[in-house]
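Every chain is numbered from 1 and lettered A, B, ... according to where its sequence line falls, protein lines coming before strand lines. Not measured: the values here are computed from a predicted model.
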Amino acid sequence: MILSACVTPTQAPAAKPTDAPKATEAPKPTDVPVVAWAPMKQEVADCSYGGNVKGIEAVDELTVKITLCASDPAFLAKIAVPAFHILDKDYLDKTGGDAAKINEAPVGTGPYMLKEWVRGDHLTFVPNPNYWGEAPKNKEFILKWNKEAAARLLDLQSGNISGMDNLGTDDYAAVEADANLALYPRRFNNFLYLATNNQIKPYDDVRVRKAFAMAIDRQRIVDNYYPKGASPATQFVPPGVKPGFTDGFEAFKYDPEGAKALLTEAGFDFNQEYVLSYAERTRPYFPQPTKIAQEVQAQLAEIGVKIKLELMEWAAYLPATRNGEKGLFFLGWSEDFPDATNWYDVFLTGSSKSFGTPFPEIVEQIKIGATSADPAVRQAAYDKVNKLYAENVPVIVLANGVTSLAFNKDVKNVVIGPYNENFTQMETANGQLVFSQDGEPVSLYCADETDGSSFRACLQMYDTLYEFEFGSTALKPGLAEKCEANADGTVWTCTLRKNVKFSNGAALDANDVVASFVNMWDYKSPNRKGNTGVYQYWKDFFGPKALNEPAQ
Amino acid sequence: MSDEFEATIEAKSLLKQQNPAVEALRRLLRHRSAQLGLFIIFVLVVLAIFAEQIAPYDPIKPIKTAKRRDVPCIHLLGCPADQEEHIMGVDGNSRDLFSRIIYGSRLSLQIGLTTITFAILVGGLLGAVAGFVGGWLDDVIMRSLDVLMAFPSLLLAIAIVSIFGPGLRNALLAIAIVQIPVYARVVRAGVLSVRELDYVTASRSMGASELRVLFTRVLPNALTPLIVQGTLGIATAILSAAALSFLGLGAEFPTPEWGLMLGEERNSVFNAPHLVFFPGFAIMLTVLSFNLLGDGLRDTLDPRLRGL
């Protein structure tokens, strides 16, 4: 059973906070009629509901305590991901957490605030006068989008925009030759995979999955369709994931003959046509979807497997794969934070039905890796996972991509990190910075979003407790001055920065943090409207289940 | 000179009562634009029939030794002999573009002929019935076809494909459906003008059934405009199919369909123009050839233009 207790502070106007520790907070002047501040708290007795968070509590106005069931070495990195941005509690109450309302007038603590969102065209940001950190160096930041890399490049060349995301593979030469443009590579861990759902025939047979994995010439794919610097995937995680990556281990060797023999042994029906689904959505790990899909189709044809390509709309594609409706499809992943849990836990523990059912022996090792703080112990566990991965082939990894951004040479002080860009620090001649990305943000309430196009917009307006430094994977304090764990790593106490104000003038306090997090955690939270109402990131990071999640 | 020649021909034909079809064909073969159109169509048909023999490579299998998006290499024009010959270059998936274009002609001709055949059969029948029977049936058929015709044709085709799901077969069906009203109108107009003629009345008075009158007396004499419209329609159909494929609603990868090839490489206009040029040029030539032939046919078959 789940026991939950929620103190609703709004209904206690004059009552003194009784269960709050008195130690840190100075007594308020009593002669002024001030509405007493009541700390919020949400906790459960244990983690039998299926997640890892046990309690979130405002200890005093500037202290938040988060209690976990099992220690999580990646905790700080997880709460630095844009989905965990902090919104004002009153604002959340006012909007009801409805993404549609938040889109109209977002309120955050970040360096910029939204001036306008012209649907289908661009977002305009202007500096937030209440920002607690260093003020932005440009007067206006415009975020545009175009799904065609070639069209973005044309915009850049014609001077309409100052910079662009994800340069097309075939456009590198043009940018290198152009004296007005500069190339900024982004190196970060990502992979493209060919997913097989082990609940759908013929992929329920491990020999079929393994044969497909062996039949694909990854080197050829990388050489032909990826920009320079990409590499064929040799094992489940990319080489940069440490602990996690097993040095010198190669899960599958390219062996079309062996693959064919394996398929024959498995009684594979070579006469049938098998559907391979994909969506035309360019990503750093998937630079040319249609070309790569055709290449894989041709390579599988060489061992006699007939593949029919099914090009789907992105909006229909993702739910179809997540619901386990597709047997064979392409997807990929770019890491959110530098820790192995962002790979193994997200993919191999069964938090979605994309790959069918998880393998218990793999899940067991991943649990060990996720909860230990000792790198050696973790690596040993992940070594085992990597071996088990090669034996069971839950998913076929193909390539680790790279991507590059291109900027006009006039833009000064550009720093591109794995997870962010220093837009606030970039300088242009006229004080206006225009950047073009792949797609329009889905909403501006990123707690309930999962895609980078939305995250980039949210990063400009909101802050998280911790942040990633510009240009690296290192963490620095954000809205929290510090977050400290207790000895066994299960209780995190965060002290918030003083005098932080939201763009509408409201002051930041611990209740804002609690309200923002509980909204993601608890299905019964009054403001849990969001965009889809799923709040996938919370489940991925602190799940697999959220609190009070209705059974399906 | 030529006027004199033509005059003698006319005179001869008057004397000999030559078969009008042969006469029309002869006039067609003398028509300049029809000559050009027929010639291109002939080449296309040869390419389509003998695609296996003419194409140097498999249109679908990537060539491992070729460089992606390589520019055309023609030995005769000075391309080094140690390089593989690719007359139209190599496409984005390391396939020989020339081979794909050749196989594409097969598809395009099939697309044009099947859709128009379907549209003519259905549209022609509807039009004939509407025109011949008349009355409320005429109203029902023609007004519903008017509704169909009121939609922009490509939009309607997109709507139909969205309902049936993408794929070449569904795209063809969509294009055919979109074209039905055109043929129905043409046939109906012909039938209306023919059905009151004396020989039809004569046939009827001799006891021929209505069906017999329709199919042996009325329809054959109302077909001429249909032939012209059909030829022009092939061009439209090929273009529509290419447009649907370009939008990702027609042929599926890796089919060597010209519109699909064009759509796939639409971003290469600047960095690999040959990938866009050749499929585009092939579509243009094919459409042009059928348009020229259609124009020629109209000139030769339309009695009002005869002798102009």
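For a heavy-atom cut-off of 4.5 Å, chain B lies close to A:Gln288, A:Thr290, A:Lys291, A:Gln294, A:Glu295, A:Gln297, A:Ala298 in residues 283-299 of chain A. Contact annotation for residues 267-286 of chain B against chain A (heavy-atom separation below 4.5 Å, listed by residue number): B:Asn267, B:Phe270, B:Asn271.
Contact of the A:Arg220 side chain with the B:Lys64 side chain is registered, since non-hydrogen atoms from C-beta on lie closer than 4.5 Å. The side-chain heavy atoms of B:Arg69 and A:Asp170, taken from C-beta on, include a pair separated by under 4.5 Å.
Few gaps surround CD on B:Gln83; more than 12 heavy atoms of other groups in view lie less than 6.0 Å from it. Around the CD atom of A:Glu257, the shell of radius 6.0 Å holds no more than 12 heavy atoms that belong to other residues, nucleotides or ligands. For A:Lys228, the NZ atom sits in a loose shell: 12 or fewer heavy atoms of surrounding residues, nucleotides or ligands are nearer than 6.0 Å. Within a 6.0 Å radius of CZ in B:Arg169, other residues, nucleotides and ligands contribute 12 heavy atoms or fewer.
Residue contact with chain B, scored on non-hydrogen atoms closer than 4.5 Å, is absent for A:Leu153.
Under the 4.0 Å criterion applied to side-chain N and carboxylate O atoms, A:Glu302 and B:Lys61 are not assigned as salt-bridge partners.
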